[in-house]
*Asks:* 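Right, I'll just put the structure down here and ask away after.
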Amino acid sequence: MTVSAISRYEFKARDRVENFHGNQIVYWHWEEHLMFCAPIALPMPPSMPFRAALETVLPGCYGAHPDWSKIDWSKVTWMLDSRPFKPNMDASLAENNIGHKSVLRFWTPGLQGIDGIPTC
Amino acid sequence: MNAMPPLKQRKLSLKERYSHLTRGLGWETTYQPMDKVFPYVSYEGIKIHDWEAWEDPFRLTMDAYWKYQAEKERKLYAVIESFAQNNGHLNITDARYVNALKLFLTGVSPLEYSAHRGYAHVGRHFVGAGPRIACQMQAIDELRHAQTQMHTMSHYNKFFDGLHDARHMHDRVWYLSVPKSFFEDACSAGPFEFLTSISFSFEYVLTNLLFVPFMSGAAYNGDMATVTFGFSAQSDEARHMTLGLEIIKFMLEQDEGNVPIVQRWIDKWFWRGYRLLGLVSMMMDYMLPKRIMSWAEAWEMYFEQAGDALFEDLSRYGIRKPKYHEVASKEKHRLSHEVWSIFYNYTHAAAFHTWLPTEDEMKWLSAKYPDTFDKYYRPRFKCWSEMAAEGKRFYNPTLPQLCTTCQIPMGFTEPDDPTTICFRSAEYKGERYHFCSDGCKDIFCYEPEKYVQSWLPVHQIYMGNCGGAEVKDVLDWYHLNFGVDNFDYEGSPDQKLWDEWQAQKAANPV
């Protein structure tokens with residue numbers, strides 16, 4: 001449907017990618033660890049290798065959680081924009097089809113929150 | 001010359017005076033066509049055949065209005081004055097309570113001012129003089145509420161942090177974009193949608209969940225100044241609620257074609273209002289040192305029971321309960337815990353303090369939320385308290401993803417699973433958009449042109465529009481004092497001052 005308006009009503013998306021100075025926004029969410037209350041938003045260059053995001057950026061976001069250092073990345077399951085996803089670790093975000101405002105959700109088998117409580 | 005005896009004027013009855021004020025002051029324009037003088041009354045699709053059918057049950061004339069309001073003002077300012085002279089702030093239950101006032105002053109009082117502007121605007125644009133007068137009176141009420149709230153709370157600003165620049169903060173601080181964007185959504189709609197959103201959905205359906213908790217909360221926690229403000233506003237609120245119900249019935253009775261439009265607005269504004277009330281839920285369950293009732297109990301009493309009766313009454317017009325009301329009921333056992341968690345995560349960027357509930361408070365929460373608190377939330381507080389004890393109070397170091405519609409961090413969980421975040425998304429003109437719920441997604445999808453303009457604070461920070469890249473830079477831009485207004489209550493200057501007062505009290509018992 002369309003908005004009711006008294007005249008032409010068209011605006012550019014305020015959050016389009018060119019407003020982020022060469023970065024794109026990527027949302028990450030570590031499932032079953034709701035001590036982190038919500039998914040996080042990170043500005044990242046599309047050329048960043050996937051591995052670099054995991055090894056250099058995410059530890060600063062999630063490292064405070066005792067489960068973080070125990071993650072075996074080869075066992076992690078992923079969803080990218082609501083579809084199952086297998087990242088190519090050495091390819092860039094863009095080559096992995098991770099675009100502006102993509103959502104990456106990941107599950108860490110065996111690590112489901114402190115004492116196995118997913119809200120922790 | 002013989003002087004004529006003065007004409008003895010018959011005094012008009014209240015009904016006659018009201019009729020002169022409303023019907024007597026309206027006329028059909030002749031220099032300009034009516035649709036040019038009232039350009040906003042038809043584009044929303046609402047059809048009105050007879051403006052004279054408008055019933056204003058209050059029939060308040062201006063002279064009576066000024067008289068009542070002046071009387072209320074005199075009483076209120078006498079109480080505020082004596083509260084200040086008697087150091088009333090020393091009688092509150094605990095300084096943590098003041099954080100509820102900080103949230104109110106920065107989040108709600110500026111909305112009163114926006115409401116003033118909104119009603120002044122629609123009070124100009126309705127064709128019928130009855131609704132015009134009702135809106136103009138409400139516009140003056142809302143201005144009075146904004147002003148008296150600021151005056152009431154200014155006393156606390158002398159002693160406590162975070163109350164110094166509410167107006168500026170309202171326009172900039174990340175979580176205040178939630179109430180701000182809610183109201184701007186309403187004010188940028190047409191006059192009929194504005195009244196449906198604010199007068200009906202907010203003032204009529206949901207207001208008891210905003211005002212009662214804050215004002216009873218004030219009474220329970222020894223804040224007599226705020227209680228008095230509440231009483232002073234109460235009779236205005238009754239008039240506002242009546243306007244809300246009247247506008248809905250008026251639209252529904254005027255034309256059958258209005259029914260689906262009104263229903264869609266009720267659906268939209270119920271959900272938007274409910275999401276906004278998430279802030280109240282955490283206030284009730286976590287921020288009041290002495291609690292009134294739980295959020296779940298308030299929801300049951302004020303929405304589930306009262307709402308049932310209201311929508312039963314409206315069903316004869318073909319109106320049903322708002323869409324997703326059942327989701328709100330499913331969420332009632334977790335809402336406040338999820339919202340408090342968001343603010344606990346990000347207190348380093350907020351204008352008020354958060355804290356861990358005490359053991360007694362957790363007992364209360366367990367009793368009020370027997371199915372969820374011990375299972376999902378108590379263990380989290382245990383983790384956080386262990387981290388705090390090691391000197392590593394948990395703060396989330398990364399900015400959160402926000403819902404495009406309500407602008408709240410995406411901290412809400414699936415309706416049937418309190419352990420999994422609810423993700424919803426849509427694409428519009430090649431761009432992805434994300435939502436916290438089906439309710440927020442539907443609102444976007446109906447009018448995407450409106451919400452593609454959302455000023456999402458997290459994205460604005462990343463675009464470089466909010467003073468800089470570090471938390472401290474952004475807080476400067478918010479006019480927050482870093483290390484004073486933000487962070488945990490434990491160790492805050494507010495706490496230090498309060499503890500000193502308590503020690504003095506103990507040393508000098510009266």
Side-chain angles (χ1 to χ4, degrees), chain A residues 1-21 23-44 57-58 60-66 79 81-82 99-103 105 112-120, chain B residues 39-40 43-45 189-190 193 337-338 341-346 375-377 379-380 382-384 387 392 394-402 404 409-413 418-421 423 425 428-429 431-434 445-450 452-456 458-460 462-464:
Chain A
M1 275 306 293
T2 187
V3 72
S4 302
I6 46 173
S7 57
R8 217 173 78 109
Y9 193 93
E10 270 179 37
F11 296 90
K12 280 190 174 171
R14 196 183 290 275
D15 295 330
R16 59 196 184 278
V17 70
E18 62 261 35
N19 291 345
F20 290 90
H21 315 290
N23 287 320
Q24 62 181 21
I25 296 293
V26 181
Y27 304 115
W28 301 77
H29 182 59
W30 185 10
E31 293 285 344
E32 298 167 326
H33 289 81
L34 284 182
M35 178 182 294
F36 302 93
C37 62
I40 56 174
L42 288 167
M44 300 177 135
V57 182
L58 293 193
C61 305
Y62 289 124
H65 197 288
M79 294 265 276
D81 296 325
S82 314
H100 182 46
K101 297 201 272 171
S102 274
V103 174
R105 303 168 66 175
Q112 282 143 320
I114 296 169
D115 297 330
I117 301 168
T119 41
C120 294
Chain B
Y40 301 145
Y43 81 91
E44 296 172 277
E193 184 179 347
H337 315 295
E338 292 177 350
S341 169
I342 292 171
F343 282 92
Y344 190 86
N345 268 246
Y346 294 108
K375 195 170 169 193
Y376 301 118
Y377 312 114
R380 184 157 69 198
K382 186 169 161 272
C383 301
W384 281 340
M387 292 168 89
K392 296 180 197 154
F394 175 73
Y395 292 108
N396 193 327
T398 321
L399 302 182
Q401 181 185 19
L402 306 179
T404 307
M410 294 263 299
F412 301 114
T413 47
T419 66
T420 303
I421 293 289
F423 284 93
S425 63
Y428 178 68
K429 292 192 177 168
E431 197 79 32
R432 293 184 184 90
Y433 296 92
H434 300 279
C445 289
Y446 197 83
E447 295 176 312
E449 301 91 338
K450 203 164 188 182
V452 301
Q453 306 166 67
S454 291
W455 193 92
L456 298 177
V458 168
H459 291 174
Q460 290 298 316
Y462 285 145
M463 286 181 209

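A quick note: this is a predicted structure, and the numbers were derived from the prediction, not measured. The sequence lines fix the lettering, A, B, ..., with proteins before strands; numbering per chain opens at 1.
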*Asks:* Using non-hydrogen atoms only, which part of A:Asp81 is less than 4.5 Å away from chain B: side chain, backbone, both, or neither?
*Replies:*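 For A:Asp81, side-chain heavy atoms alone lie under 4.5 Å from chain B.
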*Asks:* Under 4.5 Å between any side-chain heavy atoms of B:Met410 and B:Pro400, yes or no?
*Replies:*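 When only atoms from C-beta onward are counted, B:Pro400 and B:Met410 do not touch, as no gap falls below 4.5 Å.
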*Asks:* Return the orientation label for the B:Tyr344 and B:Trp384 ring planes: parallel under 30°, perpendicular over 60°, tilted otherwise.
*Replies:*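 Judged by the thresholds at 30° and 60°, the geometry between B:Tyr344 and B:Trp384 is parallel.
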*Asks:* Please determine, among A:Pro39, A:Cys120, A:Ala38, the option with the most heavy-atom pairs under 4.5 Å with chain B.
*Replies:*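 Top option by heavy-atom pairs under 4.5 Å: A:Pro39.
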*Asks:* Of the backbone (N, CA, C, O) and the side chain (C-beta and beyond), which part of B:Tyr40 lies under 4.5 Å from a heavy atom of chain A, both, or neither?
*Replies:*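 The side chain, not the backbone.
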*Asks:* Between A:Asp115, A:Ile6, A:Ile117, which has the largest tally of heavy atom pairs under 4.5 Å with chain B?
*Replies:*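 Most heavy-atom pairs under 4.5 Å with chain B: A:Ile6.
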*Asks:* What residue in A:His21, A:Lys12, A:Met35 has the most heavy-atom pairs under 4.5 Å with chain B?
*Replies:*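 Of A:His21, A:Lys12, A:Met35, A:Met35 has the most heavy-atom pairs under 4.5 Å with chain B.
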*Asks:* Let me know if B:Gln460 has heavy atoms under 4.5 Å from chain A in its side chain, its backbone, both or neither.
*Replies:*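 Contact with chain A: side chain only.
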*Asks:* Relative to chain A, which segment of B:Trp455 carries a heavy atom at a distance below 4.5 Å: side chain, backbone, both, or neither?
*Replies:*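 For B:Trp455, the contact with chain A is made by backbone and side chain together.
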*Asks:* Name the option with the most non-hydrogen atom pairs under 4.5 Å to chain A; the candidates are B:Pro409, B:Gly45, B:Ser454.
*Replies:*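 Among B:Pro409, B:Gly45, B:Ser454, the one with the most close pairs to chain A is B:Ser454.
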*Asks:* Would the A:Phe36 and A:Tyr62 ring centres measure less than 6.0 Å apart?
*Replies:*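 Yes, the ring of A:Phe36 comes within the 6.0 Å limit of the ring of A:Tyr62, centre to centre.
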*Asks:* Among the options A:Val17, A:Asn23, A:Ile25, pick out the one with the most heavy-atom pairs lying under 4.5 Å from chain B.
*Replies:*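 Of the candidates given, the most pairs with chain B belong to A:Ile25.
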*Asks:* Is B:Lys392 in contact with chain A via its backbone, its side chain, both, or neither, using a 4.5 Å heavy-atom distance?
*Replies:*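 Looking at B:Lys392, nothing touches chain A.
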*Asks:* Could you tell me whether the side chain of B:His459 and the main chain of A:Ala41 form a donor-acceptor pair under 3.5 Å?
*Replies:*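 The answer is no, because no donor-acceptor pair under 3.5 Å joins these two groups.
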*Asks:* Taking B:Gly190's backbone N and O only, do any of them form a donor-acceptor pair with B:Tyr43's side chain (distance below 3.5 Å, no angle check)?
*Replies:*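 A pair under 3.5 Å: yes.
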*Asks:* Can you tell me which portion of B:Tyr346 sits under 4.5 Å from chain A's heavy atoms? Options are side chain, backbone, both or neither.
*Replies:*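 For B:Tyr346, side-chain heavy atoms alone lie under 4.5 Å from chain A.
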*Asks:* Which one wins on heavy-atom pair count under 4.5 Å against chain A: B:Asn396, B:Val458, B:Thr404?
*Replies:*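 Option with the greatest count: B:Asn396.
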*Asks:* Contact part of A:Ile40 toward chain B, heavy-atom cut-off under 4.5 Å: side chain, backbone, both or neither?
*Replies:*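 Looking at A:Ile40, backbone and side chain both touch chain B.
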*Asks:* Between the side chain of B:Arg380 and the main-chain N/O of A:Thr119, is any donor-acceptor distance below 3.5 Å?
*Replies:*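 Yes.
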*Asks:* Classify the ring geometry between A:His33 and A:Trp30 as parallel (under 30°), tilted (30 to 60°) or perpendicular (over 60°).
*Replies:*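 Because their plane-to-plane angle is under 30°, the rings of A:His33 and A:Trp30 count as parallel.
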*Asks:* Looking at A:Glu32, A:Arg16, A:Glu10, which has the largest count of heavy-atom pairs under 4.5 Å with chain B?
*Replies:*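 So the answer, after comparing A:Glu32, A:Arg16, A:Glu10, is A:Arg16.
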*Asks:* Select one option (side chain, backbone, both, neither) describing which atoms of A:Tyr27 are under 4.5 Å from chain B's heavy atoms.
*Replies:*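 The side chain, not the backbone.
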*Asks:* Ring centroids only, cut at 6.0 angstrom: are B:Phe423 and A:His29 within range, meaning strictly under it?
*Replies:*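 Ring-ring flag for B:Phe423/A:His29: true, centres closer than 6.0 Å.
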*Asks:* Counting heavy-atom pairs closer than 4.5 Å to chain B, which one of A:Ser102, A:Gly99, A:Ser82, A:Gly60 comes out on top?
*Replies:*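 If we count pairs closer than 4.5 Å to chain B, A:Ser102 comes out on top.
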*Asks:* Check whether B:His434 gets within reach of chain A through its side chain, its backbone, both or neither, counting any heavy atom under 4.5 Å.
*Replies:*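 Contact with chain A involves the side chain of B:His434 alone.
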*Asks:* Is any side-chain heavy atom of A:Val57 less than 4.5 Å from a side-chain heavy atom of A:Leu42?
*Replies:*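 Yes. Closest side-chain heavy atoms under 4.5 Å.
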*Asks:* Return yes if some donor-acceptor pair links the side-chain N/O of B:Glu431 with the main-chain N/O of A:Ala13 below 3.5 Å, else return no.
*Replies:*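 A pair under 3.5 Å: no.
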*Asks:* Under the 3.5 angstrom rule, does the side chain of B:Asn345 hit a backbone N or O of B:Ser341 as a donor-acceptor pair?
*Replies:*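 Between the backbone of B:Ser341 and the side chain of B:Asn345 there is a qualifying donor-acceptor contact (under 3.5 Å).
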